[in-house]
Amino acid sequence: MRAALIARQFDVQGRLVTVEPYGSGNVNDTYLAIFRTTFSEQRFIVQRVRKAIFPDPEAIMQNMRVLTDHCHAKLEAESDGADRIWQLPKIIQTKGGEDWVTDANGDIWRAISQIASATAFEKVQNPEHAFEAGYVLGHFHRMVSDLPCDQLRYALPGFHVTPGYLAKLDAALATPEGRERVQTSLDAKRALRFVEERRARCNVLENALKSGELRLRTTHGDPKVGNIMIDTATGRGTCIVDLDTVQPGLVHYDIGDATRSACNPAGEDAPDLASVIFDLDLFTAIYRGYRSHAQDFLSAAELKYLYDCIHLIPLELGIRFLADHLAGDVYFKVRYPGHNLRRALVQFKLAESIEAREGSIRKVLGES
Ligand code: GN1
Ligand code: MG
């Protein structure tokens, strides 16, 4: 097996016992490798970075190196006064001292440490869990608030730039296959109408960036609850994983992504659309967790756009899923035909629920 051959190239002691598919990522191929010696065992994550998604995988690895060097030094320096043992995955180098391996197809493979005794939940469990998700993201943002984002490369150009996803949707619609997929499905027609009614709102964050009101920072890019590790011994968040999408961006991309994930108890694959809501108790909890750290670094202008990002990012993810459905499922991995359309409907239902609760959300944000 290719993953086993690759796993042996990293600088780990012992003999390979197993290497099995791991996690539920929608994009990369992830494996858990277990190596054993006479006395101990080491588990780590091996991943193939999909070239089709990340045109410049070396940029991801360079970003990961810059980020982890910055954060590990900070975590060490602050560890005596910290309220818990904060963690962050570490790059495991190859036996030759490289940060990644390139296979015969030109694909990049990398190895990172596994966070021990911790669990990531695909769906939010309760308000305490939502609080922890906010607390971990706030802690991460505070840690990187002094890491100038011009030290990072754009590993995924256009990531979270909503108007760009609208353009992709339009391009998919302009193909005969895309048109056919819409004409034969009431759900696809409904989803498209939903987007059309909100098209004008899709520029809100990019306009604020262009006008200079908002500024770029170092962002995580994908802080959904499934990427927040919860310590099994204490129930406390211990770190955020999945560092592929770390790059310059707006802090709002992360906040909107965290809230769309942690405030929807039905999850991204909700079996019943009627169960998809933006839960205000969960939102109150995640925002309280986030603010514990974020009051140190968020500007007044950034605070002003919080409702906008909470609404925009689920709308954007819905547009991304819908565009991929119409393009023939080329980006997100799917488990059944129509999976991406179904995912889009869940995100649109969530965006609708956010619209219905705008006043209450703004209240929690302290705006009224
Ligand atoms: C993808 O592969 P995964 O599950 O970490 C996607 C995110 C989406 C997420 C939705 C690089 O993340 O942006 O929010 O699916 N990652 C990329 O579950 O596009
Ligand atoms: Mg990810």
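Just so you know, these numbers come straight off a predicted model, no measurement behind them. Whatever order the structure lists them in is the order used to number ligands and atoms, beginning at 1.
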Exercise for the section: Count the heavy atoms of every other residue, nucleotide or ligand shown that sit under 6.0 Å from NZ of Lys168, and state whether that count exceeds 12. Expected result: no
Put together the list of close N/O pairs, under 3.5 Å, between ligand 1 and the protein, could you?
| unit_1 | atom_1 | unit_2 | atom_2 | d |
| --- | --- | --- | --- | --- |
| ligand 1 | 2 (O) | Asn26 | N | 2.9 |
| ligand 1 | 2 (O) | Val27 | N | 3.1 |
| ligand 1 | 4 (O) | Asn26 | N | 3.0 |
| ligand 1 | 4 (O) | Lys224 | NZ | 2.6 |
| ligand 1 | 5 (O) | Asp222 | OD2 | 2.9 |
| ligand 1 | 5 (O) | Asp242 | OD2 | 2.9 |
| ligand 1 | 12 (O) | Asp222 | OD2 | 3.2 |
| ligand 1 | 13 (O) | Arg320 | NH1 | 3.0 |
| ligand 1 | 13 (O) | Arg320 | NH2 | 3.2 |
| ligand 1 | 14 (O) | Arg260 | NH2 | 3.3 |
| ligand 1 | 15 (O) | Asn26 | ND2 | 3.1 |
| ligand 1 | 18 (O) | Asn26 | ND2 | 2.8 |
| ligand 1 | 18 (O) | Lys224 | NZ | 2.8 |
| ligand 1 | 18 (O) | Glu268 | OE1 | 2.6 |
| ligand 1 | 18 (O) | Glu268 | OE2 | 3.2 |
| ligand 1 | 19 (O) | Arg320 | NH2 | 2.7 |
| ligand 1 | 19 (O) | Tyr331 | OH | 2.5 |

Practice task
Would you list the protein N, O or S atoms within less than 2.8 Å of the Mg ion (ligand 2), leaving out water?
Solution key: Asp222 OD2, Asp242 OD2
Exercise for the section: May I ask you to check whether over 12 heavy atoms, not counting those of Glu358, lie within 6.0 Å of atom CD? Expected result: yes
Problem - Heavy-atom side-chain proximity of Val195 to Tyr165 below 4.5 angstrom - result: no
Exercise for the section: For residues His339 and Phe332, establish whether the separation of their ring centroids is below 6.0 Å. Expected result: no
Practice task
Report, as yes or no, whether the 6.0 Å neighbourhood of atom CZ on Arg142 holds more than 12 heavy atoms from other residues, nucleotides or ligands.
Solution key: yes
Handout entry: Short side-chain donor-acceptor distance under 3.5 Å, Gln47 and Asp29
Key = no
Problem - Sub-4.5 Å side-chain heavy-atom contact between Leu192 and Leu322 - result: yes
Handout entry: Validation row: Ile115, Pro89 side chains within 4.5 angstrom (heavy atoms)
Key = yes
Exercise for the section: Assert yes or no for the condition that the ring centre distance of Phe35 to Phe44 is strictly below 6.0 Å. Expected result: yes
